[in-house]
Amino acid sequence: MTLPAETAGHIARLREQLEHHNYSYYVLDAPEVPDAEYDRLFRELQALEAQFPEAASADSPTQRVGGAPQSAFASVTHARPMLSLNNAFTEDDIVGFDRRIREGLKVESVDYAVELKFDGLAISLRYEGGRLVHGATRGDGATGEDVTANLRTIRSIPLVLTGPAPTILEVRGEVLMLKRDFERLNDEQRARDEKLFANPRNAAAGALRQLDSRITASRKLTFFAYGLGQIDGDGAVGGRHSAQMDWLERLRFPVNRERRVVTGVAGLLAYYREIGERRASLPFQIDGVVYKVDDLAAQERLGFVSRAPRFAVAHKYPPEEELTVVRDIDVQVGRTGALTPTARLEPVFVGGVTVTNATLHNEDEVQRKDVRIGDTVIVRRAGDVIPEVVAVVIDRRPPDAIVFRMPARCPVCGSAVIRPEGEAVSRCTGGLYCPAQRKQALLHFASRRAMDIEGLGEKLVDQLVDGNVVRTPADLYRLGVSALAELERMAEKSAANVVAGIEKSKDTTLARFIYALGIRNVGEATARDLADHFGSLDRLIDANVETLQQVPDVGPVVAESIARFFAEAHNREVIEQLRAAGVHWIEHEGRAAAAPRPLDGRTFVLTGTLPTLTRDEAKARIEALGGKVAGSVSAKTHYVVVGADPGSKAEKAAQLNVPMLDEDGLLELLKSAQASPDN
DNA sequence: GATCCTCGAGTTCT
DNA sequence: CTCGAGGATC
C-alpha cells in the first residue's frame, strides 16, 4: 500500500506531538497530558508505521524503545576531542585557580559560569542537518564508542532539532541515572535475584553499554548538556558560555537549572558551599561543581595545558563512596545480647570523615552482601551519617578471603549463642552475667533519656565493670569520690563531678525510671504509656500479663517481657536498693483522667535542623500540649516540621501531601493551640 | 491473613 | 537513619 499524503502528514503530526510530550515530561518535568493519552498516541503511531513501512524513520519516537541487538560497538573519532578537567579539592586550590586566570587575562575580576559536575558518563551527540546522526562515549577523549542506538532511547535527548539549527552541531553532556530510578532498578534486580548495581553511575554505565538497546530503554537514563563540540553553520550563539547554554535550552536540550554566573573567588566558594549543602537532596549524584571562565574569547586566550583547559576546573566534594578493604569482621555484644558483626576497615576518607568501622547488622546481611575478610568493598556515607558497606567488588576478592561465621559462643563471656527460629539476630544467652551486656545496661540506665547521669561514659563504665566495682545500677549510688579517684585518668575533681551527676539523677520521673530499667521491648514510648496507665511502680510490678495488655501498644510479646522482668527476684532487689538509695519520682493514681490538651491526637514528624530549637526542645513542646512526635512520615501524620538539611522525610511529606511547617510555623501553631485549648 | 504503622534497638564519628 | 518486628486495623 502506498502512503497517502494525508497519512504522511498525520504521522508527522503524531511524531511531533509525542516528542513535544517527551520534552514536557523529561526536560521540563511538567507533563501536559496523562500517561494514558501519551500511550494512545504512541500506539496509534506504531500502528501506522507498521501499516506503511515506507514511513519508518530512525527519528521516530517509536524507535525510543530500542531495536535489534548489535554485535559490537563501532568506534567514533570525535570531531573535537573531549577534554577532561583539572580537579581541585581545597579552597586554596580555587584561590590559586582564580589568581592564575586573573594574571593570565590581566584583569581584576572574572565572571565564571558555574554548574554541577554530574557523576555519570560523558557523551557527545552529533546532529547533522538537525537530526541526531550519532552519539558516542568519551572513550580516551579522541575516540569513543558509538552508542547511538542506546542514546536514542533516552527521552530527553532530541532526535530532531526544531527550528533553525546549525548544519553540524555537537553537544557534550552527561548521561546519568536518577537516584530514584536507580533504586527502582535495584529493587527489580533484587526481585529477580539478579546482581545489584553498586551505584547510579555503574548502573548508567551498564545500561549505556548494552548491545541490546531494548534493555537500555527499560533502564531509565537521564541526560544533561553542558557544552559544545564542533558547530558549523548558523544559529549558534557566541560570546559567553552561559549564553550558549541558554541557547541549548531553547533548542530543547535539557540543561541543568542549577547553573549560574558568579563573580570572583567569593562567588565560586559560595556556590560550592550552597550546592554542597543541597548535594544529598539532589535527585542525582554529583561529585563536585565545575567553574568555567564565562567569556569565550577569554577562554581561547587562556588555552590548554596538556589535555586540560586552563579556563576551567572541577571543584570536588569529598567522595560519598569509596573503596576500601575489610581487615576483619568483629562481633559486638549489645544490651540485649544481640551479636552484631562489624566490619573493621582499612581507614578511608568518605563524606568528609575517616571511616574505620561499618556495621553489617546481622548474619543474613553479611550473607546477602557476601562480605568476606580481605574483600574490597564500596563504603558509603550518603544522606545520613552512618557508614554502610554497599557492595563487594568481587573482581578484587583475594583467593584467601575468609567467610564470616557467627560464633557459637559469646566472644565476651563465652555463653552459648542462640538464634531463635525466624529471627534475624543471634543473641548471647549470658544475660547480666555477660560483662558486655552489663556495661550496655549501665550505659542505657545512665543515658540522657533515661536517668541522665552526667559524666558516666563508656570509658568509665568499662573500668567500673572490669574492676568489679559496679555490677548493678544500684551500685552506682554507693560510689564515693575516693573509690572513683582510684581509677585511671580520674582525678578528685572529675570524680566529684560524676558523684554529683549521680546524685542529681535521683530526682526523676516514673517513665524515665521504667525506661532506664532496660526491659526488653520497652522503649521510651512504651515506658511512658506504662507510667501513665499504672501511675505507680508497685502497681506495674504487680500487674499480670492480662492487665498489662490493657495498655495501648502492649500486646502479648511486650506484656510477657515486662512480666518476666519483674518476676526475676534479682531485678526486684535492685529496684528496692535504688529506692533505698534515694531514687524517687512523683506517683499518681494511674489512668488519671488527664484534661484534654489542645494537640491530643495530632502527630508530628521532625526533620532537619531547626534554627533555634533543638530536636528535643521541639519534641518536648509538642508533647507538652498533647501532641505526639513520630519517627517516620505516614498518611496519619498531621504535620512535618522541616528544618535546614531535611532528610527523605520532607520528600515523603510532599508526596503524601502532609502540611509542612518551619520553626516559625510550629511556634505559631503551638501558640495558637495554647490560646484555644479546644482545637 | 495481610497490610500499615509505630516502636525498639543498634550504629559512627567528632 | 534503617531494619525488624510487634501491634493495630481492615
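So you know, we letter chains A, B, ... as the sequences are listed, proteins then strands, and number each from 1. It should be emphasised that the depicted structure is a prediction, and the values quoted were computed from it without experimental measurement.
Atom CD in A:Q440 sits roughly 8 Å away from atom P in B:dT11 (whole-Å rounding). Taking atom CD on A:Q332 and atom P on B:dA9, their separation rounds to 17 Å, with Å as the unit. Atom CG in A:L345 sits about 15 Å away from atom P in B:dT11, given to the nearest Å. The separation between A:L530 atom CG and B:dC7 atom P is 13 Å, rounded to whole Å. Taking atom CZ on A:F604 and atom P on B:dC5, their separation rounds to 18 Å, with Å as the unit. Look at CD1 on A:I562: it is 12 Å from C1' on C:dG6, rounded to the nearest Å. Between A:E322 atom CD and B:dT12 atom P there is a gap of 19 Å when expressed in whole angstrom units. If you measure from atom CZ of A:R335 to atom C1' of B:dG8, you get 8 Å, rounded to the nearest angstrom.
For A:P556, whose side chain is taken as the heavy atoms from C-beta onward, the closest listed nucleotide among B:dT12, C:dG7, C:dA5 is C:dG7. Proximity note for A:P387 (side chain, C-beta onward) versus B:dG10, B:dT12, C:dG6: the nearest is B:dT12. Out of B:dG10, B:dC7, C:dG4, the shortest distance to the side chain of A:A424 is found at C:dG4. Here B:dA9 is the nucleotide among C:dG7, B:dG8, B:dA9 with the atom lying nearest to any side-chain atom of A:R520. Of the candidate nucleotides B:dT11, B:dA9, B:dC7, B:dC7 has the atom lying nearest to any side-chain atom of A:A525.
A salt bridge between A:R397 and A:D370 is present, with a side-chain N of the basic residue lying under 4.0 Å from a carboxylate O of the acidic one. Salt-bridge formation is detected for the pair A:D181/A:R184: a Lys NZ or Arg NE/NH1/NH2 atom is positioned less than 4.0 Å from an Asp or Glu carboxylate oxygen.
For the pair A:T526 and B:dG8, the criterion of a side-chain N or O lying under 4.0 Å from OP1 or OP2 is met. Checking the phosphate oxygens (OP1, OP2) of B:dG8, no side-chain nitrogen or oxygen of A:T336 falls inside 4.0 Å. Considering only side-chain N and O atoms, A:T354 lies nowhere under 4.0 angstrom from the phosphate OP1 or OP2 of B:dC13.
No hydrogens or angles considered: a donor-acceptor pair under 3.5 Å links the side chains of A:N544 and A:T547. A:N521 and A:S561 form a side-chain donor-acceptor contact under 3.5 Å, judged by distance and modelled atom types alone. There is a side-chain donor-acceptor pair under 3.5 Å between A:T336 and A:R427.
A centroid separation of less than 6.0 Å is found between the aromatic rings of A:Y317 and A:Y272.
In this structure, A:M177 and A:A203 approach most closely via the heavy-atom pair SD-CB, 3.7 Å.
Listed for the A:H315 side chain is no donor-acceptor partner under 3.5 Å among the backbone atoms of A:A88.
When each of A:T342, A:T340, A:I329 is paired with A:L360, the side chain to side chain contact (heavy atoms under 4.5 Å, CB included) condition holds for A:I329 and for no other.
In this structure, A:D475 CG and A:L464 CG are separated by 9.5 Å, a value rounded to the nearest 0.5 Å.
When each of A:T342 and A:E524 is assigned the nucleotide of DNA chain B with its nearest heavy atom, A:E524 is the one assigned upstream, toward the 5' end. Mapping A:L606 and A:N521 onto DNA chain C by nearest heavy atom places A:L606 at the nucleotide closer to the 5' end.
Residues of residues 357-365 of chain A having a heavy atom closer than 4.0 Å to DNA chain B, listed by number: A:N357, A:T359.
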Please list each protein N or O that sits under 3.5 Å from an N or O in nucleotides 1-4 of chain B, with the distance.
none

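Using a 4.0 Å heavy-atom criterion, one finds that A:V522 contacts the sugar-phosphate atoms exclusively.
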